[in-house]
Amino acid sequence: MSQAAQTQEPSENTPIDMKDIVALCKRRGFIFAASDIYGGINGFWDYGPLGTELKNNLRDYWWKSMVTTPPIGPDGVPVQIVGLDSAIIQNPEVWVASGHVGGFSDPMVDCRETQKRYRADHLVILIPSDDTPWIATIEDDEDFLKARLKKVGKGKSLSDFTQKNLTEIDFSDFDKILAPDAKEKGTLTEPKEFNLLFETGIGASAQDKVTAYLRGETAQGIFINYKNVLDSCRVKMPFGIAQVGKAFRNEVNPRNFIFRSREFEQMEMEWFCHPDDAPKWFEFWKSERQKFWQTVGLNSDNILMRDHDADELVFYSKGTCDIEYKYPFTDPDFGELEGIANRGDYDLTQHQEHSKTKLEYLDPERNNEKYLPHVIEPAAGLTRGVLALLCEAYTIDPNRPSGAYMNFTPAMAPKKAAILPLTAKEEHVPLAQKLYLELREEFAIDLDIKQNIGKRYARQDEIGTPYCFTIDNDTVADGTVTVRERNTMAQERIAIDKVAEYLREKIKG
RNA sequence: GCGGGUGUAGCUUAAUGGUAAAGCUCCAGCCUUCCAAGCUGGUCACGAGGGUUCGAUUCCCUUCACCCGCUCCA
């Protein structure tokens with residue numbers, strides 16, 4: 001253990017305040033509130049110069065690990081995955097088939113007294129024949145209703161009431177309704193529709209506009225191109241299609257910085273395989289995806305592989321595992337980072353029916369068996385990944401002037417190195433400029449000349465630059481530079497012509 | 001979406017019914033041979049809109065944004 005760590009324990013048990021991370025992100029140019037100078041807009045964020053670099057690094061590594069050099073499969077052969085970039089706006093029918101439009105835009109009502117919210121179609125209303133309050137309950141099984149009546153029914157029995165769903169009741173009668181758990185009647189608000197998809201109109205003239213939707217996930221773009229890819233790219237079962245891109249959801253309540261925002265970025269891969277093999281591939285991808293997040297720098301203690309319980313599964317899912325991360329705002333609990341789902345043939349079935357296009361696969365390696373492939377979907381949030389990287393990297397250290405530093409892995413760090421002449425004098429600057437011009441061909445690096453060296457180290461600490469190369473009098477004399485390592489603040493000297501090789505090795509990890 | 005809280009510069013804080021002060025940061029210059037030193041100068045704020053008033057950052061209303069709790073997250 002280092003001396004510094006003995007005198008003042010850096011961060012291990014200090015609770016990290018999300019506010020400090022948000023402040024650093026703004027101060028150093030990682031993430032800004034969207035439309036900041038207009039007062040902001042809820043649920044949207046702009047990525048600044050460094051945030052963009054960080055996001056691109058994570059995205060590129062994902063693309064590399066999926067498409068460029070995908071993993072070796074269980075049989076020892078590299079798996080086959082191709083890339084895709086589908087349109088954000090598709091035929092609206094796509095979202096009807098996927099279930100995003102129609103079934104999920106249920107009206108909701110709020111109770112002003114208890115502040116609870118209910119789906120309007122989930123509330124059962126018992127209407128008495130006299131002018132006593134109408135009784136609302138959240139379940140319609142008989143025992144539950146009887147128990148509810150025992151409490152508030154004033155001795156009446158179930159047969160004294162007419163039973164209706166809230167959706168069948170006119171809003172003008174809402175003032176007679178006693179909401180669940182409420183003491184006063186008439187506390188329910190007017191039902192409001194929640195459609196999580198952003199609507200837009202196609203067509204320049206207002207009259208002729210056709211309603212379309214911004215995609216709520218990138219996955220559907222893959223499913224609807226499954227046949228195109230199959231017919232054009234010489235892929236065969238099993239194979240995957242990967243896509244990175246923006247998705248949009250009208251979240252009811254954007255919260256927690258970029259964790260839940262209305263515009264976000266996803267990295268999704270749909271793995272198509274024979275139904276019999278789906279469970280095997282589900283386990284394979286669970287393990288691969290876990291490794292991915294560890295490689296980009298997340299501590300395994302902060303990652304949780306959480307299999308969904310049977311009652312938590314969406315009806316079509318044959319198994320779902322969330323990869324969760326311990327964000328500061330969920331700590332000690334975890335929040336979703338990626339979901340890996342065995343979706344069966346649900347999506348292809350839906351699109352086959354709605355589009356009336358056959359999507360079955362004729363498998364020559366299985367005696368020309370015809371089947372709808374099953375799908376394993378590792379769907380990660382790119383912007384959530386960025387948030388996890390930021391949270392993981394944020395390290396409080398009272399021993400250094402910045403008070404905290406960003407402990408990114410060299411591969412993820414927005415800047416790989418900074419070239420710092422010790423002084424702004426003539427003897428140091430030209431050497432620094434020369435090194436900078438050489439290194440920038442290969443690495444994202446900074447050249448910083450102004451101000452004293454301590455301030456410049458502090459700035460690089462805060463943006464998470466792993467290495468600083470300092471040019472001093474010895475550089476002039478013997479051609480060596482100081483390497484200053486971010487986490488330990490330790491220094492060593494290496495030859496100036498070995499700097500590129502040094503960096504290359506460190507980034508490779 | 002509901003309830004509560006907050007809103008003066010990038011940050012931390014002042015003052016005031018007569019349009020705002022300071023420290024740090026930041027920028028420029030000087031100085032500086034290794035961790036936010038020093039000197040000089042400079043940029044930058046009353047979240048937005050409306051009302052009351054001769055005059056509003058201050059009082060009132062609305063709105064926006066952020067934080068906390070609930071809800072939601074297909």
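Below, chains carry the letters A, B, ... as their sequence lines are ordered, and counting in each starts from 1. Model, not experiment: these values are computed from the prediction.
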Can you check the [X] [atom1] to [N] [atom2] distance for me, whole Å?
| X | N | atom1 | atom2 | answer |
| --- | --- | --- | --- | --- |
| A:R459 | B:C11 | CZ | C1' | 17 Å |
| A:F264 | B:C73 | CZ | P | 15 Å |
| A:R255 | B:G5 | CZ | C1' | 12 Å |
| A:I37 | B:A65 | CD1 | P | 16 Å |
| A:K19 | B:C11 | NZ | P | 13 Å |
| A:Y38 | B:U63 | OH | P | 22 Å |
| A:R249 | B:G1 | CZ | P | 19 Å |
| A:I453 | B:C31 | CD1 | P | 18 Å |

Across all strands shown, which nucleotide pairs with [N] by Watson-Crick or G-U wobble geometry, both distances under 3.5 Å?
| N | value |
| --- | --- |
| B:A45 | none |
| B:U40 | B:A28 |
| B:G17 | none |
| B:C2 | B:G69 |
| B:U58 | none |
| B:G7 | B:C64 |
| B:U12 | B:A22 |

Dump the intermediate steps for side-chain contact (heavy atoms from CB on, under 4.5 Å) on A:F272 and A:F223, then the final yes or no. CA-CA 10 Å; A:F272 301 93; A:F223 294 128; 4.2 Å; yes
Can you tell me whether the side chain of [X] and the base of [N] have a donor-acceptor pair closer than 3.5 Å?
| X | N | value |
| --- | --- | --- |
| A:R484 | B:C35 | yes |
| A:N42 | B:A65 | no |
| A:Q491 | B:C34 | yes |
| A:N253 | B:C72 | no |
| A:R28 | B:G10 | no |

From the list B:A36, B:C34, B:C72, which nucleotide is the closest neighbour of the side chain of A:T470?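 Looking only at heavy atoms from C-beta outward on A:T470, the closest nucleotide is B:C34.
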State which of B:C73, B:C70, B:C34 makes the closest approach to the side chain of A:T482.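 In terms of side-chain proximity for A:T482, the closest of B:C73, B:C70, B:C34 is B:C34.
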Heavy-atom nearest nucleotide on RNA chain B for A:D461 versus A:R384: which residue maps closer to 5'?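 Closer to the 5' end of RNA chain B: A:D461.
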A:P254 or A:A23, whichever maps to the more 5' nucleotide of RNA chain B: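 Result of the comparison: A:A23.
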[atom1]-based separation of [M] from [N] [nearest Å]:
| N | M | atom1 | value |
| --- | --- | --- | --- |
| B:C61 | B:U16 | P | 22 Å |
| B:C46 | B:U19 | P | 15 Å |
| B:C30 | B:U12 | C1' | 29 Å |
| B:U8 | B:C27 | P | 24 Å |
| B:U58 | B:G47 | C1' | 16 Å |
| B:C44 | B:A9 | P | 14 Å |
| B:U43 | B:A37 | C1' | 23 Å |
| B:C35 | B:C70 | C1' | 47 Å |

Ring of A:F334, cation from A:R306 - is the NZ or CZ under 6.0 Å from the centre and inside 45° of the axis?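 No, A:R306 and A:F334 do not form such a contact.
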Is the A:Y327 ring parallel, tilted or perpendicular to the A:F329 ring (thresholds 30°, 60°)?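 Correct class here is parallel.
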In terms of relative ring orientation, are A:F248 and A:F198 parallel, tilted or perpendicular, with 30° and 60° separating the classes?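 Perpendicular.
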Examine [N]: is either OP1 or OP2 under 4.0 Å from a nitrogen or oxygen in the side chain of [X]? Give yes or no.
| X | N | value |
| --- | --- | --- |
| A:K450 | B:C26 | no |
| A:Q451 | B:C27 | yes |
| A:K455 | B:C26 | yes |

Any chance you could lay out the salt bridge (charged side-chain N to carboxylate O under 4.0 Å, His left out) test for A:R59 and A:E265, step after step, and finish with the verdict? CA-CA 10 Å; A:R59 179 200 64 195; A:E265 220 160 333; 5.3 Å; no
With a 4.0 Å cut-off on heavy atoms, is A:A424 in touch with a base, just the backbone sugar-phosphate, or nothing at all?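 Answer is base: heavy atoms of A:A424 come under 4.0 Å of a base.
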Within-4.5 Å side-chain heavy-atom neighbours: A:Y325 and A:T330: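 With C-beta onward as the side chain, the pair stays apart.
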Where do A:I396 and A:D20 land on the side-chain contact (heavy atoms from CB on, under 4.5 Å) test, with the steps shown first? CA-CA 10 Å; A:I396 296 168; A:D20 296 331; 5.7 Å; no
Could you walk me through whether A:L337 and A:L298 pass the side-chain contact (heavy atoms from CB on, under 4.5 Å) test, one step at a time? CA-CA 11 Å; A:L337 175 61; A:L298 302 188; 3.7 Å; yes
